[in-house]
Structures are given as C-alpha cells and as structure tokens.
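Convention: sequence-line order gives letters A, B, ...; per-chain numbering from 1.
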Number of protein chains: 2
Amino acid sequence: MFTLAEENYLKNIYHLEHEFQGEVSTNAIAERMETKPSSVTDMVQKLAEKEMLSYKKYKGTLLTPSGRKKAANVIRKHRLWEVFLVEKLKFQWDEVHDIAEQLEHIQSDKLITRLDKFLDSPDFDPHGDPIPDKHGNVKSTEKRLLSEMEKNGRGVCVGVKETTKEFLQYLDKRKISIGTKLKVLGKEFFDGSMVIQVGNDQFFISKKIAENLYIQTN
Amino acid sequence: MFTLAEENYLKNIYHLEHEFQGEVSTNAIAERMETKPSSVTDMVQKLAEKEMLSYKKYKGTLLTPSGRKKAANVIRKHRLWEVFLVEKLKFQWDEVHDIAEQLEHIQSDKLITRLDKFLDSPDFDPHGDPIPDKHGNVKSTEKRLLSEMEKNGRGVCVGVKETTKEFLQYLDKRKISIGTKLKVLGKEFFDGSMVIQVGNDQFFISKKIAENLYIQTN
DNA sequence: ACTTTTTTTTAGACTTGACTAAAAATTAAA
DNA sequence: TTTAATTTTTAGTCAAGTCTAAAAAAAAGT
Ligand SMILES: [Mn+2]
Ligand SMILES: [Mn+2]
Ligand SMILES: [Mn+2]
Ligand SMILES: [Mn+2]
C-alpha cells in the first residue's frame with residue numbers, strides 16, 4: 001500500500017521524467033511539489049527501498065517499471081475523475097483539477113473499473129491529456145505546439161500545456177476548446193506572436209499562448 | 001479545516017450521541033473507532049479546543065452545534081456517495097460502505113452540490129438511512145424494528161441497523177431490500193424468532209435478524 | 001588546479017495521531 | 001464506608017512527513 005504522499009511523489013516524478021527525458025533531480029522534484037529538497041531526499045530514499053524508483057546519491061532518480069505503473073494508475077484515476085466532473089457533473093474544465101487531486105487517491109480497483117465504464121472508457125481527459133489504460137500504457141498521439149506552426153498552417157486543438165484557471169478561462173473567452181479547428185493567418189518573426197482564425201473570428205495571440213496549445217495537423 | 005482523523009471522530013461521536021441519547025464516553029468512542037482510550041482523550045481535547053465538542057474530564061463529550069453540523073455534513077457526503085455508487089455505478093448495497101468511507105472526506109462544497117443534483121437530491125441512502133440536508137438537518141421518519149412488531153403486523157422495510165456484508169447478503173438471498181413489503185405470520189415468545197411473508201415466500205427468521213430490520217407501518 | 005557556487009544529503013527538531021504503561025478519578029462491591 | 005474494579009487521563013515513545021541549518025559532494029568559474 002501507498003500513502004497519499006508517496007502517490008503524489010510518484011505521480012510528479014513520472015511527469016518530470018517525461019519533461020526531462022531522463023533522470024529527475026532532487027531540486028526539480030522539490031520545486032514541482034512546493035517542498036524542500038531535504039524532504040525530497042527522505043522520500044526518494046524511502047521509495048527507492050520500496051523499489052518504486054532507482055536512486056543513487058547525487059545522481060537523481062528514475063522510476064522502476066512498477067513505480068511507473070503505479071504513477072500511471074494515479075494519473076489514470078485523476079483524469080477519469082476529471083472526465084466525470086466535466087461530463088456528468090457539468091463542471092467547467094478549469095474547475096476540476098483540484099478536486100481530481102483529491103479523488104485520485106481513492107483506493108478501489110472496482111470503483112475505477114466501473115467509473116471508466118460509466119464514462120464510456122474515454123481516451124482523453126477534458127484538457128486533452130491521454131488517460132493511461134489499466135496497465136499503465138499511454139497511447140501517444142503526434143501533436144505539436146501551436147507556436148511551432150507556420151503561416152497558413154491548419155489544425156485542431158487537442159490539448160493544453162498550461163492548465164491554470166487563468167489560461168483556461170482565456171481560452172474560453174476566445175472560444176477555443178479541445179476539438180476547435182484553427183488556422184494560422186500570420187506569424188511575427190520578432191516576438192513569435194500570431195494572428196489566428198477560429199470559426200469566423202480572427203485575432204492576435206501572444207507567443208506565450210501559442211506555446212501552451214497543442215495542435216494536431218492531419 | 002479539519003483533518004481526516006478529526007472528521008472521523010466527529011462522525012462517530014455523532015452516531016454514538018444518537019445511540020446513547022446523551023454524553024458519549026471515552027471508552028465508547030475508542031471501541032467504535034478501534035483505537036485506544038488514551039488516543040481518544042487526546043483527540044477529544046483537541047476537538048474541544050476547536051469548539052467542536054464540549055468536554056469535561058471524566059464526564060464524556062457532547063457535540064457543539066458546529067460540531068454536529070460538521071459531523072452531519074460528513075455523513076451527508078458519505079450517504080450521497082453511496083447513492084452514487086449504487087444508482088450510477090451499479091454497485092451492490094453491501095459493497096459501497098468502504099469506498100464511501102474514503103469519498104466522504106473529499107473537500108469541495110460545489111462537488112457535493114452538483115453530486116446531489118446529479119442524483120436528484122435523494123432523501124435516503126441505499127441502506128435506508130436519511131441523508132442530512134446541507135444545513136445538517138435530518139428528517140426523521142417513524143420506523144421501528146421488525147422485532148418489535150406483533151403477529152399479523154404488516155409493514156415495509158425502510159432500513160437496516162447492521163450494515164455488514166454478511167447481513168446485507170443474507171437479505172439479498174431472502175429478497176428483502178428497502179421498499180420490500182412484509183407481514184409477520186408468527187412470533188415465538190421463547191426466542192423472539194418469527195415467520196414472515198415476503199412476496200409469495202414465507203420463511204423463518206431469528207430474533208437477531210428481526211432486530212436489525214427497520215419497518216415502517218402505516 | 002584551485003576557488004566559489006550550486007546541488008544534495010545529513011542531522012536534528014517539530015506536528016499529527018497513534019501506542020504502552022502508569023497514575024488518578026470514578027463507580028461498583030463488600 | 002472502605003476496598004476493589006473499572007474508566008479515564010497523563011506521561012513518555014514512535015512513525016510519517018515536514019522543516020531549518022549545517023555538512024558534503026558536484027559543477028562552474030577563474
Ligand atoms: Mn488535472
Ligand atoms: Mn487534466
Ligand atoms: Mn455507509
Ligand atoms: Mn449507508
């Protein structure tokens with residue numbers, strides 16, 4: 001069995017491993033979890049003893065296969081609950097994360113199996129993130145940041161990188177959500193800003209916005 | 001804010017207060033919560049400082065109005081989640097309690113408001129227990145134990161006292177659930193056993209069974 | 001290569017919520 | 001009303017998970 005704290009460490013290390021494409025440093029974990037490096041060292045050593053991750057002093061950590069599976073399962077639960085909150089309880093997509101942070105720790109395999117069925121086994125959460133299957137496997141789709149697209153490129157929004165309330169509410173205001181088709185009308189070399197078309201509207205967006213929107217171009 | 005441990009104490013003290021119709025002793029809390037009396041003393045003193053209950057050394061405790069409200073809210077959440085699990089996720093009534101024990105601690109007023117609506121604001125949980133409203137008020141219905149009924153009495157099952165898996169599965173086997181009409185065909189003075197009619201079946205039940213079924217007789 | 005800075009770990013302390021063992025208060029029995 | 005049994009509280013310990021401060025290792029700068 002795993003404590004709530006252990007599950008949160010595993011989940012965050014999982015995400016950081018993907019971001020860094022390799023070992024995760026103590027400081028990186030501390031910063032992500034808003035805790036102190038000394039606390040991280042303690043927990044990382046404990047999780048290493050449980051063989052959830054491999055750790056050598058001063059060298060950073062990597063999840064073991066069982067650690068990765070455990071982490072993926074927490075993420076699976078988080079994202080399934082987010083779907084539930086949006087699809088069934090009619091929450092907005094910027095409201096669900098904090099509640100899912102709590103719900104992801106509920107322990108019951110049967111509950112998750114039933115919830116998954118109840119939701120028609122969704123593949124993606126409300127932010128476009130893929131939901132790992134029960135074995136911890138994630139089907140990766142080829143997507144790119146809007147900021148990497150060129151003038152006249154077309155695509156459909158399939159996810160967001162940032163998931164802060166502020167960003168999501170900005171997107172709502174601009175009527176951009178998962179599945180929205182858009183086209184790059186112009187791109188400014190100097191600052192990376194763009195003019196894009198969404199439905200019949202066309203408007204300016206900053207580089208920061210473009211760097212946080214995932215687009216699929218088929 | 002309240003910790004998970006504090007919420008569990010408040011909830012159990014609430015139930016014990018009803019059972020005892022008055023002050024709850026340290027030992028009673030300890031036994032109910034499967035912990036030691038010394039641990040209870042510690043927590044009770046802490047909750048008294050938070051003004052959730054009134055406590056005088058050696059005299060037992062009583063919830064304050066805010067303690068009672070807090071406890072009722074935890075119970076409201078527990079029972080709403082039980083309804084969700086049975087009605088939406090198709091769990092059996094004997095499977096839901098342990099999961100609800102976890103879900104009852106999820107913190108989000110909006111979640112509970114939405115869940116309540118999603119479930120059509122149910123008044124009773126799958127075991128026939130009333131769901132407190134958001135202010136902590138419980139509408140009490142006049143119900144009695146089947147064991148208190150006399151020969152030829154008729155009524156409808158509105159709740160169970162015991163909620164162990166074993167008991168609930170026994171009731172399933174006998175096709176007794178909330179809403180089931182039944183009639184007392186015979187009652188043995190010596191041991192309190194009965195013969196009852198349920199639908200077209202008639203069968204023997206022990207006193208122990210009769211003492212754990214709530215009946216409403218109109 | 002040596003010094004400085006940064007990162008990481010260790011050592012020691014704190015809080016929560018549990019425990020055991022012993023003391024104190026209450027209740028029951030004689 | 002003493003004594004005995006029971007209940008309750010206190011005192012001291014422990015594990016989990018956090019923190020600060022200091023030591024040690026690694027990385028960067030000169
Ligand atoms: Mn989320
Ligand atoms: Mn998400
Ligand atoms: Mn229950
Ligand atoms: Mn119930």
Side-chain polar contacts of residues 114-125 of chain A - donor-acceptor pairs under 3.5 angstrom, sequence neighbours left out - could you list them?
| from | atom 1 | to | atom 2 | distance (Å) |
| --- | --- | --- | --- | --- |
| A:R114 | NH1 | B:L89 | O | 2.9 |
| A:R114 | NH1 | B:K90 | O | 2.6 |
| A:D116 | OD2 | A:S121 | OG | 3.1 |
| A:D123 | OD1 | A:K139 | NZ | 3.4 |
| A:D125 | OD1 | A:H127 | N | 2.6 |
| A:D125 | OD1 | A:G128 | N | 3.1 |
| A:D125 | OD1 | A:D129 | N | 3.1 |

A:F2 six-ring centre to A:K50 NZ/CZ under 6.0 Å and within 45° of normal: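 Yes, a cation-pi geometry holds between A:K50 and A:F2.
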Given atom [atom1] of [X] and atom [atom2] of [N], what is their separation to the nearest angstrom?
{"X": "B:K36", "N": "D:dC14", "atom1": "NZ", "atom2": "C1'", "value": "16 Å"}
{"X": "B:E23", "N": "D:dT8", "atom1": "CD", "atom2": "P", "value": "12 Å"}
{"X": "A:I29", "N": "D:dT18", "atom1": "CD1", "atom2": "P", "value": "12 Å"}

[X]: salt bridge (Lys or Arg N to Asp or Glu O under 4.0 Å) partners, not counting sequence neighbours:
{"X": "A:D133", "value": "none"}
{"X": "A:E34", "value": "none"}
{"X": "A:E49", "value": "none"}
{"X": "A:K69", "value": "none"}

Any residue of residues 2-15 of chain B with a heavy atom less than 4.0 Å from an atom of DNA chain D: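 Contacting residues: none.
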Residues which pass side chain to side chain contact (heavy atoms under 4.5 Å, CB included) with A:N73, listed by chain and number, not counting sequence neighbours: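 Only A:R76, A:K77 meet the side chain to side chain contact (heavy atoms under 4.5 Å, CB included) criterion with A:N73.
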Residue pairs fulfilling ring-ring contact (aromatic ring centres under 6.0 Å, His included) with at least one residue in residues 8-34 of chain A, sequence neighbours excluded: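 Only A:Y14-A:H18 qualify under ring-ring contact (aromatic ring centres under 6.0 Å, His included).
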Contact pattern, 5' to 3', of nucleotides 2-12 of chain C - B, S or - by protein heavy atom under 4.0 Å: -----SBBB--
